[in-house]
Amino acid sequence: MNEQPMDNTENREELNELMRVRRDKLKDLFDLGIDPFGEKFERTHTAQEIIDRFDELEEQDTKICGRIMSMRTHGKASFADLVDHTGRIQLYFRVNTLGEEGYALLQKLDIGDILGVTGKIFRTRRGEISVEVQDFKFLSKSLRPLPEKWHGLKDVDLRYRQRYVDLIVNPGVREVFETRSRIIQILRNFLSERGYIEVETPMLHVIAGGASARPFTTHHNALDMDLYLRIAPELYLKRLLVGGFDRVFELGKMFRNEGISTKHNPEFTMCELYMAYGDASDMMKITEEIYAHVAMELVGSTKIVFQGQEIDLTPPWPRKPMLEAIKEYSGVDLTGLNDEQARQLAKEKGLEIEPNATYAHVLDEFFDVYVEPHLIQPVFITDHPVEVSPLAKRKKDNPRLTDRFEPFIVTWEVANGFTELNDPVDQEQRFRQQMAQREKGDDEAHMMDEDYIRALEHGMPPAGGLGLGIDRMVMLFTDSPSIRDVLLFPHMRPRS
RNA sequence: GAGCCAUUAGCUCAGUCGGUAGAGCACCGGACUUUUAAUCCGGGUGUCCCGCGUUCGAGUCGCGGAUGGCUCACCA
């Protein structure tokens with residue numbers, strides 16, 4: 001490699017015709033003493049500002065910058081569309097204004113180039129607000145052709161792998177991510193206004209706790225020890241309640257070493273919050289309020305449309321114990337059964353159940369098959385079995401069940417919350433049960449966390465906790481059927 | 001991890017019964033000083049995802065593989 005940036009044009013045989021032509025134009029610009037990869041440009045207006053304030057700006061000079069997205073040449077006059085982060089504005093080039101030499105430079109211009117333009121704001125004969133270009137600078141030459149203007153980029157594989165191209169040519173994509181940013185901002189403000197302190201806890205865990213999931217492992221070289229990427233921040237956040245924080249939340253990435261689907265990505269964003277001296281009912285209230293508040297801020301209504309279906313987020317949402325929901329949709333009452341009786345009922349219903357499935361597993365299966373598909377409008381499913389809720393407090397009137405809830409919207413589980421178990425003795429027993437599960441081969445069962453028990457032994461106030469799936473919330477509010485549509489760079493296998 | 005489907009030009013897509021590769025946009029050359037999916041004239045730019053096989057002959061049929069999508073399983 002030499003010092004000249006032009007030298008890789010020598011690999012021409014590897015470039016197709018379209019790219020070769022652009023490299024040639026690049027070289028021509030260099031030869032003319034023009035830097036095709038310009039410099040800082042101080043704009044005076046954005047595209048949208050010029051459109052919005054045309055009445056006062058007409059006939060005024062302006063400096064704008066952005067990417068050229070289409071061109072219409074007419075001999076000695078030409079039109080182009082310049083797009084910036086706010087929108088599109090038409091450029092008008094005339095040989096009379098630019099001079100022969102300046103106008104000839106247009107031949108070196110390609111769709112996709114980033115320009116800085118100085119010109120005058122006016123309206124064309126056909127009524128379009130435009131900028132008549134007096135001078136233009138190449139701020140960045142584009143060396144690759146963009147997808148075509150009508151259909152954009154459709155190939156989802158390419159859209160996700162080359163999100164930068166997707167963002168350039170499919171305008172709706174950026175809107176989704178702008179909305180995502182707004183939702184997170186709204187949520188932060190909402191929690192902050194209610195006295196929740198945002199904290200950051202470790203992502204590298206010695207014990208992967210706080211959820212039932214397989215973790216990713218990594219290695220710390222200096223300490224020569226394996227670490228886990230966090231599957232949940234829960235156990236750290238509750239240590240903070242022990243330490244005297246009253247209301248805390250953490251918003252960030254979680255990592256779970258599990259399958260990928262339209263609703264699952266190996267790394268995803270969750271917001272967990274904890275309220276000392278509260279319980280599950282407080283957490284249900286705040287869940288409803290958050291969804292309703294975000295909807296109001298975003299669309300000015302608590303009714304939204306997802307995939308053509310109206311969803312009414314207006315609080316309060318119905319609460320429905322899991323066993324009642326199963327009874328309602330399957331006609332089977334699973335209340336108070338032992339493992340054997342539960343398996344028997346599952347078999348009678350033709351459900352596929354592991355031979356040594358527990359009561360809790362059977363409940364889960366019944367729920368997934370008979371209940372979940374019906375949960376379109378928001379509803380809290382409550383009172384999960386203790387075996388699958390090792391960090392939740394038992395219900396006072398039924399120690400087999402916990403004071404837990406999961407809100408469902410459009411059949412998705414969008415959050416998970418409960419009254420926190422603050423009894424260290426019970427917690428230790430629960431961990432031991434989980435370890436027994438683990439030894440039976442359930443590698444998603446919780447690990448023992450001795451230090452967490454120790455923290456509880458110092459006394460943790462009664463508390464409500466909640467984990468909000470942020471990606472699913474964004475999917476709902478952006479009408480996106482796949483999680484990949486709300487992740488800028490969803491996980492993809494590398495191309496071989 | 002399993003099943004079904006897809007993969008052809010830079011992009012969006014056709015391609016019949018197995019007979020030697022097509023369109024639109026983009027691009028290149030020409031005309032055109034208010035167009036806007038500009039228009040008009042001329043030009044096809046290709047590892048038909050990869051490999052093996054069947055065949056006189058494979059984009060097309062068979063087998064294997066890669067990547068993606070959907071469904072299922074696990075979860076938020």
Side-chain angles (χ1 to χ4, degrees), chain A residues 15-22 24-25 69-81 88-98 103 107 110-112 122-130 132 142-162 165-166 169-170 210-214 231-232 253-272 352 354 364-365 368-369 372 388 406-408 412-417 442-444 466-473 475 481-484 490 492-496:
Chain A
L15 302 174
N16 69 38
E17 173 73 15
L18 298 179
M19 286 176 62
R20 214 206 64 227
V21 166
R22 287 176 180 234
D24 287 346
K25 290 180 181 175
M69 290 304 289
S70 70
M71 283 203 277
R72 298 171 290 283
T73 59
H74 295 256
K76 294 189 169 60
S78 298
F79 297 89
D81 292 331
R88 184 197 75 95
I89 184 126
Q90 178 168 265
L91 304 180
Y92 178 46
F93 300 85
R94 263 173 105 215
V95 67
N96 302 26
T97 314
L98 289 161
Y103 192 80
Q107 284 168 7
D110 285 303
I111 288 173
F122 78 113
R123 196 191 283 274
T124 64
R125 207 179 285 165
R126 294 290 182 96
E128 175 150 359
I129 295 167
S130 307
E132 180 171 0
S142 161
L143 298 179
R144 287 180 182 270
L146 286 171
E148 61 128 323
K149 56 189 172 186
W150 300 350
H151 305 90
L153 184 64
K154 283 202 167 147
D155 184 324
V156 287
D157 188 18
L158 287 179
R159 284 187 49 217
Y160 299 147
R161 285 180 201 277
Q162 299 178 20
V165 177
D166 190 30
V169 301
N170 297 327
S212 304
R214 257 187 297 270
I231 57 176
K253 283 278 181 75
M254 307 298 144
F255 307 87
R256 297 190 184 174
N257 205 341
E258 283 159 359
I260 297 174
S261 78
T262 48
K263 289 172 212 62
H264 302 87
N265 197 65
E267 50 182 297
F268 64 100
T269 303
M270 190 160 67
C271 178
E272 280 203 5
E352 285 181 27
E354 307 259 333
D364 239 25
E365 185 65 18
D368 286 353
V369 172
E372 220 176 68
V388 294
E406 289 179 319
F408 284 80
W412 306 335
E413 184 191 336
V414 295
N416 179 25
D442 180 359
D443 50 8
E444 291 181 358
L466 172 67
L468 288 165
I470 298 302
D471 307 289
R472 288 181 187 175
M473 185 188 270
M475 288 165 70
S482 169
I483 195 170
R484 296 182 191 94
M492 302 288 273
R493 283 186 198 195
R495 274 248 156 113
S496 56

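It should be emphasised that the depicted structure is a prediction, and the values quoted were computed from it without experimental measurement. Convention: sequence-line order gives letters A, B, ...; per-chain numbering from 1.
Side-chain atoms of A:Ala77 lie closest to B:U33 of the nucleotides B:A76, B:U33, B:G68. Of the candidate nucleotides B:A38, B:A76, B:U34, B:A38 has the atom nearest to the side chain of A:Lys149. For A:Lys25, the side-chain atoms get nearest to B:C28 when compared with the rest of B:C28, B:A38, B:U36. Here B:U34 is the nucleotide among B:U34, B:U33, B:G68 with the atom lying nearest to any side-chain atom of A:Arg125. In the set B:A76, B:C74, B:U35, B:A76 carries the atom at the smallest distance from any side-chain atom of A:Phe268. Minimum atom distance to the side chain of A:Met492 is reached by B:G68, of the listed B:G68, B:C74, B:A38. When the nucleotides B:U71, B:U35, B:U67 are ranked by their closest atom to the side chain of A:Thr262, B:U71 comes out on top. Nearest to the side-chain atoms of A:Val95 among the listed nucleotides B:A26, B:U34, B:U33 stands B:U33.
Side-chain atoms of A:Arg22 come within 3.5 Å of backbone atoms of A:Arg144 as a donor-acceptor pair (strictly under, hydrogens ignored). Side chain of A:Arg472 to backbone of A:Ile483: no donor-acceptor contact under 3.5 angstrom is found. The closest donor-acceptor contact from the side chain of A:Asp471 to the backbone of A:Thr269 lies under 3.5 Å. No side-chain donor-acceptor contact under 3.5 Å links A:Tyr103 to the backbone of A:Thr97. Side chain of A:Asp166 to backbone of A:Tyr160: no donor-acceptor contact under 3.5 angstrom is found.
A gap of 26 Å separates the P atoms of B:C25 and B:U20, to the nearest Å. Rounded to whole Å, the separation between the C1' atoms of B:C63 and B:G43 comes to 42 Å. Annotation: B:C61 and B:U7 have their P atoms spaced 11 Å apart (nearest Å). Distance noted for atom C1' between B:U39 and B:C32: 9 Å (whole Å). Rounded to a whole angstrom, the distance from the P atom of B:G22 to that of B:C48 is 14 Å. B:C72 and B:C28 have their P atoms separated by 48 Å, with the value rounded to a whole Å. As rounded to the nearest Å, B:U12 and B:A2 have P atoms that lie 29 Å from one another. Spacing between B:A58 and B:U16 at atom C1', rounded to whole Å, works out to 16 Å.
Phosphate proximity of B:U35 to A:Arg72: absent, as no side-chain N or O sits under 4.0 Å from OP1 or OP2. Residue A:Lys263 places no side-chain N or O under 4.0 Å from the OP1 or OP2 atom of B:A73. For A:Lys76 and B:C32, the shortest distance from a side-chain N or O to OP1 or OP2 is not below 4.0 Å. Contact annotation: A:Arg484 side-chain N/O to B:G69 OP1/OP2 distance is under 4.0 Å. Between A:Arg88 and the phosphate of B:U36, there is no side-chain N or O to OP1/OP2 separation shorter than 4.0 Å. Phosphate proximity of B:U35 to A:Arg94: absent, as no side-chain N or O sits under 4.0 Å from OP1 or OP2. For the pair A:Arg493 and B:A66, the criterion of a side-chain N or O lying under 4.0 Å from OP1 or OP2 is not met.
Regarding A:Phe93, its CZ atom lies at a distance of 17 Å from the C1' atom of B:C32, rounded to whole Å. A straight line from CD of A:Glu365 to P of B:C72 spans 13 Å, rounded to a whole angstrom. When rounded to the nearest whole Å, the span between CD of A:Glu444 and C1' of B:A73 equals 11 Å. To the nearest angstrom, C1' of B:G69 lies 13 Å from CD1 of A:Ile260. Protein atom CG of A:Asn416 is 8 Å distant from nucleotide atom C1' of B:A76, rounded to whole Å. A:Asp157 places its CG atom 11 Å from the P atom of B:U12, with the value rounded to the nearest Å. Atoms CD1 (A:Ile470) and C1' (B:A76) sit 11 Å apart, rounded to a whole Å. Taking atom CZ of residue A:Arg159 and atom P of nucleotide B:G69, one finds them 11 Å apart after rounding to whole Å.
Base pairing of B:G1 is made with B:C72, judged by Watson-Crick or G-U wobble geometry with both donor-acceptor distances under 3.5 Å. Pairing partner, B:G24: B:C11, with both Watson-Crick or wobble hydrogen-bond distances short of 3.5 Å. Across all strands shown, nothing is found opposite B:C17 as a Watson-Crick or G-U wobble partner with both distances under 3.5 Å. With a 3.5 Å ceiling on both atom-pair distances, the Watson-Crick or G-U wobble partner of B:G53 is B:C61. Across all strands shown, the partner of B:U67 is B:A6, judged by Watson-Crick or G-U wobble contacts whose two distances both fall under 3.5 Å. B:U39 is paired with B:A31 under the Watson-Crick or G-U wobble criterion, all donor-acceptor distances under 3.5 Å.
Between A:Thr73 and A:Asn265, the one whose closest nucleotide on RNA chain B sits nearer the 5' end is A:Thr73. Nearer the 5' end of RNA chain B, as judged by each residue's closest nucleotide, is the contact made by A:Glu128, out of A:Glu128 and A:Ala213.
For a distance-only test at 3.5 Å, the side chain of A:Asn96 qualifies as a donor-acceptor partner of the base of B:U33.
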Would you list the protein and nucleotides 4-11 of chain B atom pairs, both N or O, that sit under 3.5 Å from each other?
from	atom 1	to	atom 2	distance (Å)
B:C11	O2'	A:Gly152	O	2.9

- [ ] Check step by step if salt bridge (Lys or Arg N to Asp or Glu O under 4.0 Å) holds for A:Glu444 and A:Arg256.
- [x] CA-CA 10 Å; A:Glu444 291 181 358; A:Arg256 297 190 184 174; over 6 Å; no

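Among all heavy-atom pairs drawn from A:Ile231 and A:Met254, the shortest one is O-CB, 4.0 Å.
As judged by a 4.0 angstrom heavy-atom cut-off over every strand, A:Phe122 is placed among the base-contacting residues. Residue-level contact check: A:Arg161 touches the backbone only, with heavy atoms under 4.0 Å from sugar-phosphate atoms and none from bases. At a threshold of 4.0 angstrom between heavy atoms, the contacts of A:Ser78 with the nucleic acid are absent. Among the atoms of the strands shown, none is found under 4.0 Å from any heavy atom of A:Asp443. Across all strands shown, A:Gly469 has no heavy atoms under 4.0 Å from either base or sugar-phosphate atoms.
A 4.5 Å side-chain heavy-atom check between A:Pro481 and A:Thr262 finds every atom pair outside the cut-off. Using a 4.5 Å cut-off on side-chain heavy atoms (C-beta onward), A:Met475 and A:Val414 make no contact.
A salt bridge between A:Lys263 and A:Glu413 is absent, with no side-chain N of the basic residue lying under 4.0 Å from a carboxylate O of the acidic one.
Crowding of A:Arg72 atom CZ: a count of heavy atoms from other residues, nucleotides or ligands under 6.0 Å exceeding 12.
Between A:Phe79 and A:Tyr92, the ring-plane angle classifies as parallel under the 30° and 60° cut-offs.
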